[in-house]
Protein chains: 4
Amino acid sequence: MEFNEHKPIYLQIADNLCDKILSEEWKPEDRIPSVRELGMLLGVNPNTIMRAYDYLQSYGIIFNKRGVGYFISKEAKEIIISVQKQQFIQEELPKILKRMKLLGINPSELLKNNLDN
Amino acid sequence: MEFNEHKPIYLQIADNLCDKILSEEWKPEDRIPSVRELGMLLGVNPNTIMRAYDYLQSYGIIFNKRGVGYFISKEAKEIIISVQKQQFIQEELPKILKRMKLLGINPSELLKNNLDN
Amino acid sequence: MEFNEHKPIYLQIADNLCDKILSEEWKPEDRIPSVRELGMLLGVNPNTIMRAYDYLQSYGIIFNKRGVGYFISKEAKEIIISVQKQQFIQEELPKILKRMKLLGINPSELLKNNLDN
Amino acid sequence: MEFNEHKPIYLQIADNLCDKILSEEWKPEDRIPSVRELGMLLGVNPNTIMRAYDYLQSYGIIFNKRGVGYFISKEAKEIIISVQKQQFIQEELPKILKRMKLLGINPSELLKNNLDN
DNA sequence: GTGGTCTAGACCACC
DNA sequence: GTGGTCTAGACCACA
């Protein structure tokens, strides 16, 4: 895994996990790697992994069984979608459309070329 | 003006000015507010405004008359468009579309509801 | 059984057993569940149950017959009361009252509504 | 400030700040000490202070002005009271009363001796 | 100056 | 073995 320059690593790790949940690579009740394991794997300090897990737990996306590890929660996928979808549609989309308008980019035309991806 | 959590304030201020240039609220040769004025207005440290102006000046979007103030350059609009357009299409758009896919948002449908804005 | 966030599970299990002794759901000479049984029942590692039993045994609340199991001791109830009562009154109560004061909760009023439980 | 053995330092620091807000030693819009300052003052690592501040910010009790510092939010007091009061009454109080009953402590009598504090 | 992130490494309680 | 907390110290971007 390679990290983007300007976004905190722990958030990138969290996002990555969310993507894997959305794509169902990780499913509810799955145990995710321990902070140490994943730290080794990614070449990152366990504390940083911890922070990512903390972040996800605060949203109810993962949960902890004490002394055992972290697990994907049952509602993980719905939570992620609802949080991100709402944020995307209410906050980001208007900005994007406004910006396209200012830049003179026509959304409809654009889509013709990009929908195949 | 409200500031986004994770983006530097000076960039947000610069973006805001660009938007006003694109929408022709500011036109070539217009004098923009002094660093102090704008700082007061936005409740922001003048140094931060300075940084935004520096940034815009480095792109040739605004220029400085010593002892007088900052002004919009003649080519401001074209510069902004050329820079932002290619960045938008090449870097941001793919990410946006990928994300919409993951979230199960259909771009074409979305547009029907949003084109009126 | 659900476990509190910040208190060790083994202590919560021990407390729970004490409550059952105080309420006489468990009586002297009763045999309590084996470590394995209770572990299964609570979805908890048997070691954790063991630790709870060890803890209670160290206070003389339960005792072990080798190869047979754990049993409630004759003096269990008195021991629990004497230990917990003084700890409650000397240590916890002052904190509780102080906190209620800060939160603007009036102890006397509260009791009127709660004494029926 | 002295720290309790078994509760995380960062939470004790957060609680302490809450107490000061409740008692109006700190008021809305006040700037609280920087993480470094308070770290020095308490003989604690700045990271630990940071964690306490993070925690409080997540409840909206304090907020950050970037590059400037942390400030008490307008609603700080109400937030603290509502959070703690609800937790106290709904979660802790029933346990306390149940425990007193089991231990044979009479709430009404107790109050007579303690209300003077 | 401020906070924010990250590392390396330690120690601890708990399972 | 697991997570959780803490320290010391570094580096960075931002105001």
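The analysis underlying the following values was restricted to heavy atoms, covering all of them including side chains, and did not include hydrogens, waters or symmetry mates. Every chain is numbered from 1, with letters handed out A, B, ... down the list of sequences.
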Validation row: Ile49(B), Leu42(B) side chains within 4.5 angstrom (heavy atoms): yes
Ile49(C) CD1 to dC14(E) P, straight-line distance once rounded to whole Å: 15 Å
Flag side-chain contact, heavy atom, 4.5 Å: Lys98(A) against Asp19(B): yes
Nearest-nucleotide 5' precedence on DNA chain F, Asn64(A) against Lys7(B): Asn64(A)
dG3(F) phosphate, OP1 or OP2, under 4.0 Å from Ser34(A) side-chain N/O: yes
By salt bridge (Lys or Arg N to Asp or Glu O under 4.0 Å) - contacts of Arg51(B) (at least two apart): none
5' priority, DNA chain E, between Glu37(D) and Arg66(A) [closest heavy atom]: Glu37(D)
Flag if over 12 foreign heavy atoms under 6.0 Å of CZ, Arg31(A): yes
Sugar-phosphate, base or nothing in reach of Tyr53(D), heavy atoms under 4.0 Å: nothing
Distance, rounded to the nearest Å, where Leu42(B) contributes CG and dA15(F) contributes C1': 14 Å
Integer-rounded Å distance: dT2(E) P and Gln57(D) CD: 17 Å
Any Tyr10(D) side-chain nitrogen or oxygen under 4.0 Å from OP1 or OP2 of dT5(F): yes
Rounded interatomic separation in angstrom, taking CD1 from Ile13(C) and P from dC15(E): 8 Å
Phosphate OP1/OP2 of dT5(F): any Arg51(D) side-chain N/O under 4.0 Å: yes
Min side-chain heavy-atom separation Lys20(B)-Ile32(B) under 4.5 Å: no
Are there any protein N/O atoms within less than 3.5 Å of an N/O atom in nucleotides 7-11 of chain E, and if so, which ones and at what distance?
| residue | atom | partner | partner atom | Å |
| --- | --- | --- | --- | --- |
| dT7(E) | OP2 | Asn45(A) | N | 3.1 |
| dT7(E) | OP2 | Thr48(A) | OG1 | 2.5 |
| dA8(E) | N7 | Asn45(A) | ND2 | 2.7 |
| dA8(E) | N6 | Asn47(A) | ND2 | 2.9 |
| dG9(E) | O6 | Asn47(A) | ND2 | 2.8 |

Separation of atom CZ in Phe3(D) from atom C1' in dT5(F), rounded to whole Å: 13 Å
Euclidean distance, atom CZ of residue Phe63(D) to atom P of dT2(E) [Å, nearest integer]: 17 Å
Whole-Å gap separating C1' (dC6(F)) and NE2 (His6(D)): 16 Å
All ring-ring contact (aromatic ring centres under 6.0 Å, His included) counterparts of Phe88(D), not counting sequence neighbours: none
Matching residue for Tyr53(D) among Phe63(D), Tyr59(D), Tyr70(D), Tyr10(D) - test: ring-ring contact (aromatic ring centres under 6.0 Å, His included): Tyr70(D)
Counter-base of dC11(F), judged by Watson-Crick or G-U geometry with both distances under 3.5 Å: dG4(E)
Atom pair distance, as rounded to whole Å: CG in Asp54(D) and C1' in dT5(E): 11 Å
